[in-house]
Protein chains: 2
Amino acid sequence: MLKAFTPTEESFVKQSAKARPRSATRGPPRLDPSQREAIITREAVAFFAEHGFEGQTRELAKRLRITQPLLYRYFPTKEALIERVYQEVFVGRWKASWGKLITDRAEPLKSRLTQFYREYAEAILTYEWIRLFMFAALKDLGLNARYLKMLRERVFEKVIVEIRAEYARPPIAQLPITVLEIEMVWGLHAAIFYLGVRQFIYGMPLEADVNSIIDAKVTTFLSGIRCILPAKSRV
Amino acid sequence: MLKAFTPTEESFVKQSAKARPRSATRGPPRLDPSQREAIITREAVAFFAEHGFEGQTRELAKRLRITQPLLYRYFPTKEALIERVYQEVFVGRWKASWGKLITDRAEPLKSRLTQFYREYAEAILTYEWIRLFMFAALKDLGLNARYLKMLRERVFEKVIVEIRAEYARPPIAQLPITVLEIEMVWGLHAAIFYLGVRQFIYGMPLEADVNSIIDAKVTTFLSGIRCILPAKSRV
DNA sequence: CATATTATTTATCAAATGATAAATAACGGT
DNA sequence: ACCGTTATTTATCATTTGATAAATAATATG
């Protein structure tokens, strides 16, 4: 049974003039294509996050209160819809401001890192992001390789550059990033990501506040990384 | 032991007397049921680890060089086969000796922890274990909830008990395990598990030796946990 | 109101997929 | 060497599932 559509949903979109009292069991009438597409995308994000990409188009359509062939008016294939979901979540939730946040030496290093990881955690520690990322990673290595390459370039390497500068170590142009350094940053990243795994894949609610955990992890990270930085440059 | 036979393939099993030169394109003839079942299980572990549990029985059969209906002679349903895979990997690779290893106070605490996590890492940091665990977790929360409950009881709590004892803190019967304590142990566990995620889900080879990483993580863990242990008991 | 446009549905296809039943053939016992 | 047992295959079913084409109906426009 189609549960009578909710007020919070798309019910009021495009109910322009006549306040048409549609038959209650029926979905909304002819929506504007751009609206419909947005609605489909939004629901697809939630749907595939829950069921994985093997989730069936018919079930997705049912959740949308539309028929399954209508999906194919907006997306040529299921794969195209999934691609759109990727864009929406992995690209759309990346904040362009993060690069400058990390490298803004007007702020103390620790507060920059804390701030960045708080924002990053807020972006990725969601049911959708974590599960979709894991589903995508298990499905094919390509997508995640791209994402993690970006993460390394835009975050990991920048973080190490800043740390080197902070502690007066040789710049990476002079002494390339070491395995130990990158491993430390991976460790910090892993700790935060794993909070999402615990919550949204293992289904175990976190007992502590995320921001406190992040603050603690960043502190530990910074105190730990001093031990493995390369020797000071003797200028 | 099931894996006792055959270095590489099932080719030589049961080629008893006559050394029958079967047509090369054909699979082996009538295998002993217990052997066949073991072979199917072994291949199913690899197959589902690669493709997830939506992997198709026909493709699995092809890899086994048998026909698909033969699978149903050994396992009533696909679900039963998956259940067997769970058993084989998650139950079968758990070592009963770990409990005593952790609590054996004849050994120093640090070497006990290092030894345990080295052995545990050796068991779970495999393509099969990591991916199957993640597939299972994403599919339904039930299985992993069971596993993680076991992990908490048989490892996490024991570790905290040992640490409390080592540093002369109140026993957990007197002062229950705190959120911070369990969070620290989770963190250590996460770090090790994430090594597997990087390798086998993200497809990024590790640049450092696993044992060295574990030693370092255990060291960091032990130095970090002293700060968050409850106050000493004043007896 | 009449008509064109098009968002949406209905009907349906073809391939995939888990599962079953009957036919076949390899092996062991006598 | 024969024969019964049974491991294995062949043939096939019933759903499921991504996708397409045609029919329907809501909206805009004149």
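In what follows, chains carry the letters A, B, and so on, assigned in the order in which the sequence lines appear, proteins first and then strands, with residues in each chain numbered from 1. Computed from a predicted model, the values in this text were never measured in an experiment.
- At least one side-chain heavy atom of Tyr202(A) sits less than 4.5 Å from a side-chain heavy atom of Tyr194(A).
- Here dT9(C) presents its C1' atom at 13 Å from CG of Leu71(A), a figure rounded to the nearest Å.
- The aromatic rings of Phe53(A) and Phe48(A) sit tilted, their planes meeting at an angle between 30° and 60°.
- Using a 4.0 Å heavy-atom criterion, one finds that Pro33(B) contacts the sugar-phosphate atoms exclusively.
- Atom CG in Leu70(B) sits roughly 16 Å away from atom P in dG18(C) (whole-Å rounding).
- When distances run from any side-chain atom of Arg30(A) to the nucleotides dT8(D), dG18(D), dT6(C), the shortest one goes to dT6(C).
- Separating the CD atom of Glu37(B) from the P atom of dA7(D) is a distance of 11 Å, rounded to the nearest angstrom.
- Residue Arg36(A) places at least one side-chain N or O under 4.0 Å from the OP1 or OP2 atom of dT8(C).
- At a threshold of 4.5 Å between non-hydrogen side-chain atoms, the residues Trp94(B) and Leu151(B) count as touching.
- Nucleotide dG18(D) holds its P atom 9 Å from the CD1 atom of Ile82(A), rounded to whole Å.
- In the set dG18(D), dT8(D), dA7(C), the nucleotide with an atom closest to the side chain of Tyr74(A) is dA7(C).
- Looking only at atom types and distance, the side chain of Glu119(B) has a donor-acceptor partner in the side chain of Gln115(B) under 3.5 Å away.
- Between the CG atom of Leu60(A) and the P atom of dA19(D) there is a distance of 13 Å, rounded to whole Å.
- For the pair Gln68(B) CD and dG18(C) C1', the interatomic distance rounds to 7 Å; values are reported in whole Å.
- If you check dG18(C), dT8(C), dT10(D) against the side chain of Thr67(B), the one that comes closest is dT10(D).
- The interatomic distance linking Phe53(A) (CZ) with dG18(D) (C1') rounds to 17 Å, in whole Å.
- Comparing dA19(D), dT10(C), dT8(C) against the side chain of Arg73(A) picks out dT8(C) as the nearest.
- For the pair Leu31(A) CG and dA25(D) C1', the interatomic distance rounds to 15 Å; values are reported in whole Å.
- Closest contact between the side chain of Thr77(B) and the listed nucleotides dT9(D), dA7(C), dA19(C) involves dA19(C).
- Nearest nucleotide to the Tyr72(A) side chain, out of dA7(C), dG18(D), dA26(C): dG18(D).
- Ring orientation note: the planes of Tyr120(A) and His189(A) are tilted relative to one another, at an angle of 30° to 60°.
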